[in-house]
**Student:** 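Handing you this structure, nothing more for now.
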Amino acid sequence: MTNRNFLFLLGALCLFSGCATQRVPMEQDPLEGLNRAMFNVHEGLDTVLLKPVAQGYDALLPNPIKRGVGNFFDNFRDLARGGNALLQGKGEKGVTGIGRFLINSTLGVLGIFDVASEFGLERGTEDFGQTLAVWGMPSGPYLFLPLIGPSGGRDLVGFGVDSYANPLWHLTRNDPATRNSLYATNVVQIRAALLPTDQIIEEASWDKYAYIRSAYLQRRAAEILDGSGGPTPLLDVDDLNGAEGPGGK
């Protein structure tokens with residue numbers, strides 16, 4: 001779940017769109033029973049482990065260090081973002097993404113400092129799930145997986161490809177201890193960044209599972225269209241496939 005900003009956007013997205021959870025077509029979530037069970041597992045893990053650790057991380061580390069840690073992991077994802085933009089026919093965004101990686105990996109000390117943004121190079125949001133959507137692959141059923149979160153068949157494939165393409169994991173493939181430590185740190189810093197949204201979600205929804213599902217489907221629809229359609233009601237992402245070819249966004 002390319003997705004550090006997901007829940008930051010989720011609250012505002014649902015509040016302004018009405019979140020329309022009851023309007024989710026059943027065919028989008030044919031595995032709802034299993035998904036809700038996995039959601040409960042995820043909530044349990046979050047309650048007893050992820051959230052307390054994230055709260056400790058958030059309380060102990062000063063903001064500059066937390067920002068640097070987030071920048072570090074985002075920097076390695078920028079390379080895949082740029083590559084996916086190229087695969088989608090977005091040449092300028094592709095060059096920008098790769099340029100961000102090169103600049104921040106050098107001048108930004110492995111991405112700890114986001115120098116590229118100061119140069120006016122904005123971070124993209126492209127991922128391989130979006131690339132597959134642009135190529136016409138259907139979304140597949142909605143899925144919720146513990147520690148990964150909301151996804152779909154297509155996005156889960158995209159998540160795997162983007163993870164494999166991340167150079168950080170290749171650099172540490174012969175050092176499992178370092179790789180696992182980095183993975184754990186990444187999970188904790190993402191969860192810590194999402195702490196401010198917890199109360200919003202709890203207060204704004206009577207069905208947290210449906211709330212997150214609706215927001216996810218809307219967000220993915222908007223990302224595939226690059227937001228060109230403006231604020232939208234809940235959309236079936238499959239309806240957007242074929243509406244544009246590579247570069248047509």
Side-chain angles (χ1 to χ4, degrees), residues 1-13 35 38-81 100-101 104-105 108-114 117 123-125 127-129 143-151 155-156 158-202 208-209 211-213 215-216 219:
M1 34 189 259
T2 155
N3 288 296
R4 190 167 83 148
N5 294 326
F6 166 56
L7 288 178
F8 279 123
L9 298 175
L10 184 151
L13 174 63
N35 283 331
M38 293 299 99
F39 178 77
N40 290 335
V41 171
H42 176 85
E43 288 287 280
L45 290 172
D46 186 65
T47 299
V48 303
L49 179 61
L50 290 180
K51 186 174 182 178
V53 173
Q55 289 172 325
Y57 172 94
D58 188 55
L60 292 174
L61 295 184
N63 286 334
I65 293 180
K66 289 185 288 188
R67 185 163 50 250
V69 172
N71 287 342
F72 172 80
F73 288 108
D74 265 333
N75 176 56
F76 285 96
R77 286 191 284 267
D78 275 339
L79 187 60
R81 290 170 180 142
R100 281 184 55 86
F101 174 74
N104 284 341
S105 294
V109 192
L110 295 179
I112 294 174
F113 303 101
D114 188 4
S117 289
R123 174 170 287 131
T125 61
D127 56 55
F128 197 67
L143 299 170
F144 193 101
L145 301 177
L147 303 181
I148 292 178
S151 186
D155 286 341
L156 194 59
F159 174 77
V161 171
D162 285 334
S163 297
Y164 183 78
N166 190 322
L168 183 60
W169 311 127
H170 290 282
L171 290 172
T172 59
R173 64 184 177 182
N174 294 323
D175 187 353
T178 299
R179 184 185 64 238
N180 293 339
S181 296
L182 287 171
Y183 177 79
T185 301
N186 187 37
V187 170
V188 170
Q189 66 92 16
I190 289 174
R191 183 62 182 92
L194 300 176
L195 288 172
T197 68
D198 288 351
Q199 187 173 356
I200 295 174
I201 298 172
E202 295 293 343
K208 188 175 179 180
Y209 169 82
Y211 185 102
I212 291 176
R213 177 184 61 189
Y216 174 79
R219 174 177 173 267

**Student:** Check whether any side-chain heavy atom of Lys208 lies under 4.5 Å from a side-chain heavy atom of Phe39, and answer yes or no.
**Tutor:** yes
**Student:** Using a 3.5 Å distance criterion without hydrogens, assess whether the side chain of Asn35 forms a donor-acceptor pair with backbone atoms of Phe144.
**Tutor:** yes
**Student:** Side chain to side chain contact (heavy atoms under 4.5 Å, CB included) between Phe113 and Asn104: does it pass, once the steps are laid out?
**Tutor:** CA-CA 7 Å; Phe113 303 101; Asn104 284 341; over 6 Å; no
**Student:** Would you indicate whether the side-chain heavy atoms of Leu45 and Leu147 approach each other to under 4.5 Å?
**Tutor:** yes
**Student:** Determine whether Ile190 and Phe73 satisfy the following criterion, side chain to side chain contact (heavy atoms under 4.5 Å, CB included), listing intermediate values before the conclusion.
**Tutor:** CA-CA 10 Å; Ile190 289 174; Phe73 288 108; over 6 Å; no
**Student:** Indicate yes or no: at least one non-hydrogen side-chain atom of Asn186 is less than 4.5 angstrom from one of Leu168.
**Tutor:** no
**Student:** Looking at Asp114 and Arg67, is there a salt bridge between them, counting it only when a charged N and a carboxylate O are closer than 4.0 Å?
**Tutor:** no
**Student:** Is the backbone of Ser151 close enough, under 3.5 Å, to the side chain of Asp155 for a donor and an acceptor to pair up by distance?
**Tutor:** no
**Student:** Could you tell me whether a side-chain N or O of Lys66 sits under 3.5 Å from a main-chain N or O of Asp58, the two making a donor and an acceptor?
**Tutor:** yes
**Student:** Does any non-hydrogen side-chain atom of Lys51 lie less than 4.5 Å from one of Leu195?
**Tutor:** yes
**Student:** For Asp162 and Phe128, indicate whether the former's side chain and the latter's backbone hold a donor-acceptor pair under 3.5 Å.
**Tutor:** yes
**Student:** What's the separation between atom CG in Leu171 and atom OG1 in Thr178, rounded to the nearest 0.5 Å?
**Tutor:** 11.0 Å
**Student:** Which atom pair, heavy atoms only, marks the closest approach of Ser117 to Arg100?
**Tutor:** OG-NH1, 3.0 Å
**Student:** Please tell me if the side chains of Thr185 and Phe72 come closer than 4.5 Å, counting only heavy atoms from C-beta onward.
**Tutor:** no
